[in-house]
2 protein chains.
Amino acid sequence: MNTNSQPATSRDIARLAKVSQATVSRVLSGHPSVQPETRDRVLAAVRQLNYRPNGMARAMRTNRTGNIGVVVSRLANPLYPQMLQILGQHLAEAGLRMMVWSTSEADEMNALSAARESLVDGIIMTTATTNSSQLYDALKLNVPVVLINRVVEGWPCDQLSSDNYDGGRQVADYLVKAGRRRLGLIGGPAVASTIRDRLAGFRDGLASLGVALDPGCCVDAPMFSHQNGFAAASALLDLADAPDAIFCVNDVLALGACDAARTRGLNVPNDFWLVGYDDIEMSAWPAFDLTTVRQPLTRMTADAVSLLQDRITGVMREHSIKVLPNDLMVRGSTAGFRPAA
Amino acid sequence: MNTNSQPATSRDIARLAKVSQATVSRVLSGHPSVQPETRDRVLAAVRQLNYRPNGMARAMRTNRTGNIGVVVSRLANPLYPQMLQILGQHLAEAGLRMMVWSTSEADEMNALSAARESLVDGIIMTTATTNSSQLYDALKLNVPVVLINRVVEGWPCDQLSSDNYDGGRQVADYLVKAGRRRLGLIGGPAVASTIRDRLAGFRDGLASLGVALDPGCCVDAPMFSHQNGFAAASALLDLADAPDAIFCVNDVLALGACDAARTRGLNVPNDFWLVGYDDIEMSAWPAFDLTTVRQPLTRMTADAVSLLQDRITGVMREHSIKVLPNDLMVRGSTAGFRPAA
DNA sequence: CTGAAAGCGCTAACAG
DNA sequence: CTGTTAGCGCTTTCAG
């Protein structure tokens, strides 16, 4: 094996095995009609020169790179690493590679650029918003895109989410059944469909149960972060008539809220109940023991990959809009209360 | 813009702008010698057909994809998302794309495969171990690889780490200066150079200060997880003569240890002190308020990217082995104690 | 300054 | 079963 030369090409193999270059290609792509003896000679040469086919050349011919672009939001929200981990697994099983964009809003554009330059076969987007106009343009160019987690109504692409509206309702229902009446709400950026749906479900749920939600007990966090959850909860807890339960539209905010209570010497659930959304790994830790809504991440990601594969291989069908059910995870932050069935 | 046809190629542009295909290429690659008027005609055509050059074709010609492979360990350890985030930023600034492998041990191999297939220009590896024999083979094929975080002594590639040995020493020094004498240690898999160095530094530090480390107070976690930290700390806290300070070789373990204390109704720092390593974001949260050692992630990642770029562009020089200094972040888990300067 | 022409390394007809 | 041939879309000489 030469360490200084260029990598071997299929021509080098052909020469060494005394066959045509086409035959080398056949052997490597598992074409059936190759004489065993020839195949062996080729494989021997492949080993001898430590040959690997050039992926770019193959991609150019086949119009398929095997790369999938994944756009996630700030990786500081543990939900996204969790999604990436599972997604990476599913993609690897499907023989695909994962390209990740995650640093800023510009990333969405970068991902689409890559798609348009044929550097990725398709895109899985976890953070689409109605503002993503570039994305919309790309869709019209038939770039295969699957929206997962956040979705955008009416857009011509496959979409995969959990039932955030129902999740919000479940929380409302749960808190009211438990006798909580003075409810607090910590919301987030409304550009995310997930957030809008959770909020709507929560509000509608309360309304249909005849429980009022005091606007004075509703705070919107400008971004998802521990710090913002901390600040928002602090504001609520400082109210003269503080809530007896707070629903945070995601776990990161809820963990911040939990720490706000801790800092004030308040006890959850004795002083107030706390509910989050996402069931990120830390929510189950004793430090937080947070009641929250779990999204079916494994199924969502698996479906996303297979939908995308269909699109890429040109399977034509209607755009699929799937909404999967969620589970309320009852934990200590709501005293483990379970309503009678 | 046709929505049903194939994407436009540079020939299409050439035809429309009535120039040769070569000229299109010149304009797009910013070649100086093109008449302004011609250039404008080409750019107009580019806009009109909404053209983007095909990245694969370009990559095949130039032998450069602009993709960098990054191998990280379990994304469940927040250190890695944190590294990815910064790395992604630096790579994007350098006009490079980030390909992530992270699901299993097989990922290291997959990354190297991708490199050998010319699908990535180089690799940043955060989780190398002496066991990575595939990696070693790849190095001999001149695949550009930078080791960051974990390093492997004597391997022919650029390596970039923080001074884990010194970090361990600093912790030992700090605890002893504060009067702690019965020390506990929660270690981890010794395949990681980071862990070996931290442990060695800690042990050597204690030894040079004349403080004994009871082997009965040393537990090794088989893997980094909250759960394992919890279990290990539980074992130490159940000892008849429990430690008055515990050093965990990384923060994830330390957070687990913190929760073990919480679950037992013990108070940190009143009942014992706790020190971690990495300064992941959560360590600063009130729930943990963990004293820990911070690695200079920004600088490490920035240097890694620029070293890799040098290798890729063929700048020849000795393999660079850099070790950057760490900072001890003093927080509540050690009662905010600061030794007199 | 611009066009013609030669490939990069591979796959996929098409002959034989 | 195997070799020959024709490109994929681009960059890069080399002429003019």
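Here is how names work: the chains are called A, B, and so on, in the same order as the sequence lines, proteins then strands, and each is numbered from 1.
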Do [X] and [Y] make a side-chain contact, defined as non-hydrogen atoms from C-beta onward lying under 4.5 Å apart?
X: B:L308; Y: B:I124; answer: yes
X: A:L79; Y: A:L297; answer: yes
X: B:T38; Y: B:V19; answer: yes
X: A:Y51; Y: A:P7; answer: no

TODO: Could you check which residues of residues 32-47 of chain B get a heavy atom under 4.0 Å from DNA chain D? Sort them by number, please.
DONE: none
- [ ] Go through the side-chain N and O atoms of A:S113 and B:R52 and say whether any donor and acceptor fall under 3.5 Å apart.
- [x]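 Short answer, yes.
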- [ ] Taking atom types as modelled, find out whether A:R311 and A:H319 have a side-chain donor-acceptor pair closer than 3.5 angstrom.
- [x]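 Judged by distance alone, the side chains do pair up.
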Task: Contact pattern, 5' to 3', of nucleotides 8-16 of chain D - B, S or - by protein heavy atom under 4.0 Å - done: BBBBBB---
TODO: May I ask you to decide whether B:D137 forms a salt bridge with B:R116, counting only side-chain N to carboxylate O separations under 4.0 Å?
DONE: no
Ignoring hydrogens and angles, write down the donor-acceptor pairs under 3.5 Å from the side chains of residues 56-63 of chain A, residues two or more places apart or on other chains.
{"unit_1": "A:T62", "atom_1": "OG1", "unit_2": "A:R58", "atom_2": "O", "d": "2.9"}
{"unit_1": "A:T62", "atom_1": "OG1", "unit_2": "A:R64", "atom_2": "N", "d": "3.4"}
{"unit_1": "A:T62", "atom_1": "OG1", "unit_2": "A:R64", "atom_2": "O", "d": "3.4"}

- [ ] Could you list the residues that satisfy side-chain contact (heavy atoms from CB on, under 4.5 Å) with A:T129, not counting sequence neighbours?
- [x] A:N131, A:S132, A:R150, A:V191
Open item on the list: Between the opening five pairs and the closing five pairs of the helix from C:dC1-D:dG16 to C:dG16-D:dC1, how far apart are the helix axes, to 10°?
Closed with: 40°
- [ ] Would you list the pairs meeting ring-ring contact (aromatic ring centres under 6.0 Å, His included) in which at least one residue belongs to residues 116-144 of chain B, sequence neighbours left out?
- [x]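 Of all non-adjacent pairs touching residues 116-144 of chain B, those that pass ring-ring contact (aromatic ring centres under 6.0 Å, His included) are B:Y136-B:W155.
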